[in-house]
Each structure stands twice: as C-alpha cells, then as structure tokens.
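Some notes on the structure that comes next.
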Amino acid sequence: MATELTPAALAALRTTHADDRMAPVLTRAITKNGIKAASFDNQAASRLDRTFSIEVPTGKVSNQKSSGRCWEFSLLNTLRHKFATKYHVKDFELSQSYLFFWDKIERANTFYRNVEQTARQPISDRLVQFLFDNPGEDGGQWAMAASLVQKYGVVPTSAMPETFNTENTAAFQAVLSRQLRKDGLKLRQLVMDGANEAELQSLEKSMLQAVYRMTAYSFGEPPTSFDLTYRDDDQQYHRLTDLTPQQFYQDYFDTDLDDYVVVTNSPDKPFNRLYSLPDEDNVIGGKPIEFLNVDMGVLTDVAVQQLKAGETVWFGNDVLRQMDRQTGYLDAHLFETGQLFGVNDHLTKAQRLLTGDGEVSHAMTLTGVDLVADTPTKWKVENSWGEKVGKQGYFVMSQDWFDAYVYEVVVHKQFLAPEFQVLVNERAQRLPAWDPLH
C-alpha cells in the first residue's frame with residue numbers, strides 16, 4: 001500500500017536515478033528530440049515496403065480535413081471504388097457533406113427520443129451523462145453510415161460539395177451540442193411535469209426545425225435531385241439528368257448493405273457472439289449497430305477473402321497508436337517507448353480495452369495485402385487525410401499492427417463460415433453505450 005512520500009523516500013529516488021549511467025545521455029536525447037523521435041525504429045522501412053501480392057485498383061484519396069467523418073468517408077470510399085470500376089471513372093467521389101447533413105438531423109431526432117426515454121433517471125445516471133456528453137459529435141459507426149445511405153441515397157461531390165463547416169466541424173459541433181443539451185433539459189422537465197405525447201411531439205418538431213435550420217445554414221441544403229456529367233477513362237462523355245439521391249444509389253450501385261457484417265475482435269468479451277450498441281443508433285428504424293465478435297484469425301481471413309474477390313474493406317482501428325503520419329507507417333514496434341525508459345509498458349489487446357487505453361478511434365479502407373505462403377505480412381491502407389501524408393495518402397500496415405490495433409472489418413456475409421452466418425441471425429446481446437467499441 002502506498003504511503004506518504006517522506007524526504008527520505010524522495011532522496012532515495014534521486015540517489016537511485018543518479019546511479020543510472022545512461023540517464024544523462026538519454027535525458028539529452030529525449031528532451032531534445034521528444035519521446036517519439038527518440039524511440040523511433042528506423043528499421044521499420046525495411047519491414048514496410050509497399051509491394052503487395054493482392055491490390056485492388058483505386059485512385060486519389062479523399063480528405064476529411066478537420067472533422068471526425070472517417071466512418072462516412074470509408075464507407076463512401078468502398079462504394080466509389082465499385083462505381084469507378086463498373087463505369088470506368090477514375091477518382092470519382094461521392095459527397096460526404098450530403099450524408100453528414102442527414103446524420104445531424106437524424107441524430108438530433110434520436111437524441112430527443114433517448115432523452116425522453118431516460119427522463120425519469122437522474123441527470124447523474126451514467127447513460128444520461130453519456131447522452132448529454134457530446135450530442136452533436138462527428139464520430140460514428142459503419143452501420144450508421146449504412147443507415148444513411150439506405151434511407152437517403154448518395155450524390156456525387158459535384159451535387160453537394162464541401163463547405164468550410166463540413167471540413168472544419170469544431171464550431172458547429174459546439175453550438176449544436178449546446179442547443180441539443182438545452183433541448184434535452186427542456187424535454188426532461190416536460191416529461192417530469194407529466195406532458196402528454198402530443199405536447200412532446202409538438203416541442204420536438206420545433207426543436208428539430210431549429211436543428212435543420214442551423215445545419216442548412218452551415219452546410220447548405222441537400223439536393224432533392226441533380227444532374228451528373230462526366231467523362232470516363234476512355235474519354236466518353238456521359239450525362240445523367242434529374243436523378244434523385246435514392247434513385248442514383250439504387251440504379252448505379254449494386255451493393256446491398258444488408259449483405260454486410262461488422263466482424264469484430266474485442267477480446268475483453270466472449271467470442272462467437274453477436275453484440276449490439278442500440279444507444280448509438282443514429283436513425284430510428286434504421287440499421288442497428290451490431291458486431292460479430294470473433295478470434296483475430298477469423299477476422300483476418302475474411303478481410304483477405306474480400307480483397308481477393310476484388311473488393312476493398314472498411315475497417316475500424318486505433319490509428320493514433322504506433323503510427324507515423326508523414327511516412328504512413330503503422331507498425332506495432334514503430335516506437336519502442338518501453339525500451340527507451342527501461343520499463344515494460346505492454347498491455348494486451350483485452351487489457352487496453354478494459355482500461356480505456358484502447359478504442360476504435362478511426363475508420364480507413366483496406367485496399368491491398370501482401371501474402372507470403374498464404375499468410376498476411378502487411379496491408380495497403382487508404383486513409384482520408386489527403387495526399388500529403390503517407391505515400392499520396394496511402395498507409396502501409398504491418399500484420400503485428402493489424403493484430404494489435406484493428407478491431408473491426410466490414411465484409412460480405414458470403415465470406416463467413418456457415419457457423420458464423422448462423423450467429424449473425426441470432427439476437428444480439430446489448431452492450432452499454434460506453435463499451436470500448438462505441
């Protein structure tokens with residue numbers, strides 16, 4: 001048990017440190033260069049050459065800029081790659097602003113429902129606190145993006161381009177969160193005062209109208225129809241007129257998002273089970289957030305199978321761990337901080353999730369893998385941070401990093417073994433809103 005730090009105890013710490021012969025040189029190196037530079041493994045370059053035995057053709061990367069929309073970008077990347085291949089249009093891009101707009105409206109609507117349902121719980125309740133923590137946030141899950149596409153369709157970037165506020169979301173996120181918190185407190189009070197359903201619905205309608213106005217002023221209003229003109233890679237001219245977003249998706253994209261499954265490796269909970277996060281669903285009546293939790297070997301195998309079939313893979317990960325932005329390296333031993341400080345700072349994947357050290361912080365797209373004796377050694381990764389990082393925006397990831405920091409892949413259910421396809425149809429076990437997978 002820890003006790004008071006007395007002068008004698010502090011003197012002992014100083015004396016022991018003074019006996020460390022490496023202390024002066026390491027202090028100079030670390031204070032001058034910083035922890036990351038001092039612990040960087042220069043041999044990573046030899047492990048992470050950019051040659052892959054399987055590689056899906058893609059084009060220029062997108063750029064989410066100063067926003068947390070990676071989950072939308074990654075899904076739209078998988079869709080646009082299919083469109084580009086099918087219609088021979090290199091570097092075709094879908095509007096992220098369009099989905100982002102509707103996410104704000106849908107998420108506000110869901111927030112109002114959740115606040116009503118928890119209105120009689122104390123404001124200090126953990127779920128209530130979670131709801132009010134950041135109701136206007138950017139982050140999300142694959143199923144949330146899929147729900148938006150299924151309901152609202154998609155449009156090309158030309159039909160709804162980026163704005164200052166979609167590329168720099170902090171200010172809008174702050175004002176929207178503040179407004180939603182105020183709305184939430186008002187709804188809680190009405191419920192406590194015994195308001196009937198008609199009164200609550202009337203108030204929510206006016207609240208949602210204000211959110212719509214704020215979002216439309218900041219992002220521009222989404223189109224209900226649009227024209228699309230383009231030249232394909234053979235320089236043939238095409239013009240599509242008077243398309244609705246839903247019609248465009250239904251007629252020009254052959255992806256049924258209901259055929260895809262989020263396969264997860266979360267070793268802090270039992271494997272071979274289906275889990276859900278209903279408190280994070282963004283569209284009432286939309287696609288539920290569900291995860292099929294499996295061993296890492298299964299997750300790796302299904303990702304490889306989908307790449308072999310010529311289709312890119314959405315994946316959720318903890319990108320800020322062992323990552324060098326400029327080189328685009330993702331390697332579990334890129335920064336050896338434990339060796340630098342003479343400590344053992346290793347945590348297992350399960351330990352990181354249980355203690356809050358690990359989280360699903362980012363979504364990217366797998367576009368290639370290098371197989372040696374049919375075993376993955378490294379992966380090609382399409383990021384959404386623009387072309388000035390990595391190699392023209394593409395990262396390279398070691399298998400060690402994949403094992404340690406990849407938590408989710410989204411694959412067509414055809415790549416699942418029969419026993420896992422059965423699990424997908426079972427009733428999901430509900431996870432708390434604050435589970436590390438959120």
Side-chain angles (χ1 to χ4, degrees), residues 41 44-65 68-82 84 91 93 96 141-142 145 262-265 296 299-335 349 358-372 375-411:
D41 181 8
S46 63
R47 298 193 295 269
L48 299 173
D49 68 277
R50 296 175 183 270
T51 304
F52 306 92
S53 58
I54 298 170
E55 194 168 348
V56 180
T58 52
K60 291 181 179 179
V61 299
S62 51
N63 194 344
Q64 67 185 79
K65 297 195 175 177
R69 299 173 293 159
C70 58
W71 52 287
E72 293 179 338
F73 271 72
S74 187
L75 174 58
L76 292 180
N77 281 340
T78 62
L79 293 177
R80 74 186 179 107
H81 295 327
K82 289 186 175 183
D91 299 328
E93 189 163 355
Q96 296 87 10
Q141 305 272 0
W142 176 86
V262 182
V263 178
T264 298
N265 177 249
M296 199 62 194
L299 184 148
T300 303
D301 178 64
V302 294
V304 169
Q305 287 188 59
Q306 187 154 301
L307 287 171
K308 283 183 175 181
E311 184 174 350
T312 59
V313 180
W314 188 106
F315 77 108
N317 58 88
D318 200 355
V319 72
L320 298 181
R321 306 291 181 175
Q322 297 288 353
M323 178 269 292
D324 184 67
R325 181 184 295 260
Q326 213 54 46
T327 60
Y329 290 164
L330 297 164
D331 186 289
H333 302 285
L334 193 60
F335 302 102
K349 198 173 191 177
E359 62 177 346
V360 186
S361 61
H362 191 47
M364 298 186 287
T365 310
L366 297 172
T367 65
V369 62
D370 194 35
L371 301 178
V372 176
T375 300
T377 60
K378 59 183 182 295
W379 304 73
K380 184 178 181 182
V381 175
E382 178 183 13
N383 206 345
S384 54
W385 291 349
E387 296 183 325
K388 294 183 179 180
V389 296
K391 184 176 182 181
Q392 296 180 320
Y394 285 86
F395 283 35
V396 55
M397 171 176 59
S398 71
Q399 182 60 38
D400 284 347
W401 198 97
F402 187 96
D403 290 337
Y405 301 109
V406 169
Y407 296 100
E408 303 166 1
V409 297
V410 177
V411 297

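Because the structure is predicted, anything quoted here is derived from the model rather than measured.
- Using a 4.5 Å heavy-atom cutoff, the side chains of Lys349 and Asn265 are in contact.
- The structure places CG of Asp49 at 7.0 Å from CG of Asp370, a figure rounded to the nearest 0.5 Å.
- Remark: Tyr329 pairs with no residue by the side chain to side chain donor-acceptor pair (under 3.5 Å) rule, at least two apart or across chains.
- With sequence neighbours left out, the salt bridge (charged side-chain N to carboxylate O under 4.0 Å, His left out) criterion links Lys65 to Glu167.
- Taking OG of Ser398 as the start and CD of Gln322 as the end, the distance is 9.0 Å to the nearest 0.5 Å.
- From Glu387, atom CD reaches atom CG of Asn63 across 9.0 Å, with rounding to the nearest 0.5 Å.
- Sorted by first then second residue, the salt bridge (charged side-chain N to carboxylate O under 4.0 Å, His left out) pairs that include residues 314-327, not counting sequence neighbours, are Asp318-Arg321, Arg321-Asp357.
- Rounding to the nearest 0.5 Å places CZ of Phe73 at 13.5 Å from OG1 of Thr78.
- Residues Ala44 and Leu334 come closest through the heavy atom pair CB-CD1, 3.5 Å.
- Applying the side chain to side chain donor-acceptor pair (under 3.5 Å) rule to Lys82 yields the partners Thr255, Tyr260, Glu311; only residues at least two apart in sequence or on another chain are considered.
- Shown here are the ring-ring contact (aromatic ring centres under 6.0 Å, His included) partners of Trp401, two or more places apart in sequence or in another chain: Tyr405.
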Handout entry: Step-by-step salt bridge (Lys or Arg N to Asp or Glu O under 4.0 Å) determination, Arg80 to Asp91
Key = CA-CA 8 Å; Arg80 74 186 179 107; Asp91 299 328; 5.4 Å; no
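- In this structure Thr367 satisfies the side chain to side chain contact (heavy atoms under 4.5 Å, CB included) test together with Thr58, Thr312, Thr365, Lys380, Glu382, Tyr394, sequence neighbours excluded.
- Within the 3.5 Å criterion, the main-chain N or O of Thr51 finds a donor-acceptor partner in the side chain of Lys378.
- Taking all atoms of both residues into account, the shortest heavy-atom contact from Val409 to Ala303 is CG1-CB, 4.3 Å.
- The heavy-atom pair separating Gln64 from Gly68 by the smallest distance is NE2-CA, 4.0 Å.
- The distance from the OG atom of Ser384 to the CD atom of Gln96 is 8.5 Å, given to the nearest 0.5 Å.
- Just one of Leu48, Val369, Asp400, Val372 meets the side chain to side chain contact (heavy atoms under 4.5 Å, CB included) condition when paired with Thr377; it is Val372.
- Listed by chain and number, the residues in a ring-ring contact (aromatic ring centres under 6.0 Å, His included) with His362 are Trp385 (sequence neighbours excluded).
- Shown here are the side chain to side chain contact (heavy atoms under 4.5 Å, CB included) partners of Val381, two or more places apart in sequence or in another chain: Phe315, Met364, Leu366, Phe395, Met397.
- Open room surrounds CD on Gln392; 12 or fewer heavy atoms of other groups in view lie less than 6.0 Å from it.
- The backbone N or O of Leu76 sits nowhere less than 3.5 Å from a side-chain atom of Trp314 that would complete a donor-acceptor pair.
- Residues meeting the side chain to side chain donor-acceptor pair (under 3.5 Å) test with Glu72, sequence neighbours left out: none.
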Practice task
Verify side-chain contact (heavy atoms from CB on, under 4.5 Å) between Asn77 and Ser62, making sure each step is shown before the conclusion.
Solution key: CA-CA 8 Å; Asn77 281 340; Ser62 51; 3.5 Å; yes
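- Among residues two or more places apart in sequence or in another chain, the side chain to side chain contact (heavy atoms under 4.5 Å, CB included) test is passed with Gln399 by Thr300, Pro376, Trp379, Phe402, Asp403.
- The CG atom of Asn317 sits 8.0 Å away from atom SG of Cys70, with the distance rounded to the nearest 0.5 Å.
- Applying the salt bridge (charged side-chain N to carboxylate O under 4.0 Å, His left out) rule to Lys60 yields no partners; only residues at least two apart in sequence or on another chain are considered.
- In this view, Val262 and Trp142, Thr264, Phe291, Glu408, Val410 satisfy the side chain to side chain contact (heavy atoms under 4.5 Å, CB included) rule, not counting sequence neighbours.
- Using a 4.5 Å heavy-atom threshold, the side chains of Val406 and Leu299 count as touching.
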